[in-house]
Amino acid sequence: MQETKHFIGGSWIAAGARQTFAAVSPATGDVLAQIAQGDVADADAAVRAASAARGVLAKMTAWERARMCLRIADAIEARKPALARTLTLDQGKPYHAEALGEVEHAAASFRNCAEQIKWLETAVMPVEAPSKRVFSIRQPRGVYAIVTPWNFPYMIAAEYLAPGLAAGNAIVWVPAPTTSLCAVELTRAIQEADLPPGALNLVTGPGPVVGDAIVAHPGTAGVGFTGSPATGEQIARRAAGKPCLLELGGNGPTIILDDADLDTAAAATALGCFFNAGQVCCATERILVHPAVHDAVVEKLAERARAVKLGDPLAEGTTMGPLNNEPTAEKSDRHVRDAVERGATIVVGGKRASGFATSLYYQPTVIDGMTTEMAGHREETFGPVAKVMTVASDDEALRIADDSDLGLVSAVFTRDLKRAFRFSEALRTGIVVVNDFTDYWELHIPFGGASGKRSGIGRIGGRHALMEMTDLKTIVLDVG
Ligand code: NAD
């Protein structure tokens, strides 16, 4: 049985307390490895190793760091099948339909930042004083504390590690416990790219222990976190005074208007509900449908749900694997039960699937007759549950879409340009997608939550993350 270690200062080091926890596959129930269970002393050692490396990284030119990022992308791509297999076994997502793509996406993140860092220009400012010349430069912030979730263990990590390293920061990374084996494998790939020792450090273990320790540590200068709003808020308090890039939850409303192309809307909406078994921050969570098209939309969504191939995530043809962990599966159970008790109807699915190696396989589900007091409307479900509610008018659709403390991504389906603009401008989410699914995103597009909601602070995505993860320094020269 493989026993993993922390990666600190360029070496693999056993957890100080010599404790481990099991990485159990949600797909098979097998123990895949014993993972090093870090403590505060391990986190502290990692921050110290990163602090020692920060000067080396900061001195590298943007071109040198860009080449380092390209080497990382090559190393990830060279291990694509093995990384994808670990992802499928450790996280649960289907190998062919999704895991290979996530590995490609992680590599592309490094390529993207390698390009963007070269062109991160700053300004020379005209000033009033005749003897002064004023300009700005972007500098790395120092040591970044990065804490990531389990739904995209490579992709979300790369969304921080790529801009962080490209910008010249040293990093201490704490991944989610249930996908720590993925983090170890990704770090092994990155290690091959000849980074300065201490540039990237990995500490595995419980978030409230090692995650908290790096976030609150006086040696870290900035924090990048993706996860739930409650943890994000706790982290923001613990990191008080440090720049925080927080990507938190969503409750993605998708509005299907009476003039929508229903085949396109149903196909995109179903993908938004069932991709990664719904465990996506920008998943389609609430489907708000005009009464004139309600029956047709429900029928088409049900057809799509029945077409999902739930099964062995390593098998070709499987489009949905198990959920990653029991609390997530229990949340889907609770939301379905609550909806039914309050009068909603299950059209397809509605429970865990039987006959699999674990109880984490969940039937692709469509529920009709949702109302605003139901838990599945009020909270993010994070499971493969399409929840349909009828809305009487455009105004009501806007009001109910906004009836959420979250505001990450929304979508609207209409053929009318004026309605498209009205919704795009009025919806309080960081991204509005017209005529496609809520998950639509490319690496360089700014991604994050709307202000006044609990979906996060700041923007990831290429250049935007580079700006978040650097300090803007103003230099004043007196030449008089
Ligand atoms: P979570 O908040 O429970 O955990 C996220 C990470 O934080 C894990 O690594 C965990 O170990 C760590 N953690 C937990 N408590 C901590 C603490 N006190 N201090 C420091 N670290 C701590 O979230 P999750 O259940 O793993 O992920 C699902 C959530 O993430 C959903 O709400 C989802 O919407 C959100 N998410 C957001 C995005 C985005 O880009 N906005 C992307 C993916 C997931």
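When a ligand or atom number is given, it counts from 1 through the structure's own listing order.
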As a test of the contact definition, would atom 4 (O) of ligand 1 count as having a protein heavy-atom neighbour under 4.0 Å?
no

Drop me the distance from His6's NE2 to Ile35's CD1, to the nearest 0.5 angstrom.
10.5 Å

Checking heavy atoms under 4.0 Å, the part of Ile460 that sits near ligand 1 is neither

Testing Pro313, Pro322, Ser359 for side-chain contact (heavy atoms from CB on, under 4.5 Å) with Pro26, which one passes?
Pro322

Working for side chain to side chain donor-acceptor pair (under 3.5 Å), residues Glu373 and Thr371
CA-CA 6 Å; Glu373 74 278 4; Thr371 54; 3.0 Å; yes

Does Val280 approach ligand 1 within less than 4.0 angstrom via side chain, backbone, both or neither, non-hydrogen atoms only?
neither

Atom 24 (P) of ligand 1: which protein heavy atom is closest, and how many Å away?
Trp150 NE1, 3.4 Å

Should one rank Glu285, Gln279, Glu247 by closest heavy-atom distance to atom 40 (O) of ligand 1, which comes out on top?
Glu247

Within this structure, what is the NE2-SG distance for the pair His444 and Cys113, rounded to the nearest 0.5 Å?
12.0 Å

Report yes or no: does Thr86 contribute a side-chain atom to a donor-acceptor pair with the main-chain N or O of Ala82 at less than 3.5 Å?
yes

Work out whether the distance between some heavy atom of Val215 and some atom of ligand 1 is less than 4.0 Å.
no

I need the atoms of ligand 1 closer than 4.0 Å to a non-hydrogen atom of Leu408, numbered in the order shown.
41 (N)

Within the 4.0 Å heavy-atom shell around Thr226, which atoms of ligand 1 are there?
5 (C), 36 (N), 37 (C), 38 (C), 39 (C), 40 (O), 42 (C), 43 (C), 44 (C)

Gln279 side chain to Asn324 main-chain N or O, any donor-acceptor pair under 3.5 Å?
yes

Just heavy atoms, cut-off under 4.0 Å: does Phe447 contact ligand 1 by side chain, backbone, both, or neither?
side chain

What protein heavy atom sits nearest atom 14 (C) of ligand 1, and how far off is it?
Thr231 CG2, 3.6 Å

Nearest-neighbour protein heavy atom for atom 8 (C) of ligand 1, which is reported as residue plus atom name and distance:
Thr148 O, 3.5 Å

Cys281 heavy atoms within 4.0 Å reach ligand 1 at atoms 34 (O), 36 (N), 37 (C), 38 (C), 39 (C), 40 (O), 41 (N), 42 (C), 43 (C), 44 (C)

Partner of Ile287 under side-chain contact (heavy atoms from CB on, under 4.5 Å), picked from Ile256, Ile367, Ile255, is Ile256

Out of Pro149, Ser455, Cys282, the nearest non-hydrogen contact to atom 27 (O) of ligand 1 is supplied by Pro149

Quick one: does Thr381's side chain have a donor or acceptor within less than 3.5 Å of a partner on Gly383's backbone?
no

So if I count the atoms of ligand 1 from 1 in the order they appear, which ones are less than 4.0 Å from some heavy atom of Val147?
6 (C), 7 (O), 9 (O), 12 (C), 21 (N)

Taking Gly449's backbone N and O only, do any of them form a donor-acceptor pair with Ser455's side chain (distance below 3.5 Å, no angle check)?
no

Nearest neighbour of atom 17 (C) of ligand 1 from the list Ala145, Pro153, Pro175, Pro208, on a heavy-atom basis
Pro208

Quick look: Glu380 vs ligand 1, heavy-atom contacts under 4.0 Å, and the answer is side chain

Pro206 contact mode with ligand 1 (heavy-atom cut-off under 4.0 Å)
neither

Using modelled atom types only, decide if a donor and an acceptor are shared between the side chain of Asp405 and the backbone of Arg454 within a distance under 3.5 Å.
no

Would you call Asp471 and Arg138 a salt bridge, taking side-chain N to carboxylate O under 4.0 Å as the test?
no

Polar side-chain atom of Thr179 near backbone of Cys182 as donor-acceptor pair, under 3.5 Å
no

Could you pull out, from Ser228, Gly207, Pro327, Gly456, the option with a heavy atom nearest to atom 10 (C) of ligand 1?
Gly207

The atoms of ligand 1 lying under 4.0 Å from a heavy atom of Pro177, numbered in the order shown, are 11 (O)

Hey, does the side chain of Asn169 reach the backbone of Gly164 with a donor-acceptor pair shorter than 3.5 angstrom?
yes

Ligand 1 versus Asn151: contacting region, heavy-atom distance under 4.0 Å:
side chain

Going by the order shown, which atoms of ligand 1 are within less than 4.0 Å of some heavy atom of Phe225?
2 (O), 5 (C), 6 (C), 7 (O)

When you measure from atom 35 (C) of ligand 1 to every protein heavy atom, which one gives the shortest distance, and what is it?
Gly227 O, 3.1 Å

Check each atom of ligand 1 against the heavy atoms of Ile156 and keep those under 4.0 Å away; list them by number with element.
42 (C), 43 (C)

Both conditions, 6.0 Å and 45 degrees, for the charged tip of Arg188 above the ring of Trp12: are they met here?
yes

Protein contact to atom 37 (C) of ligand 1 [nearest heavy atom, distance to 0.1 Å]
Leu248 O, 2.9 Å

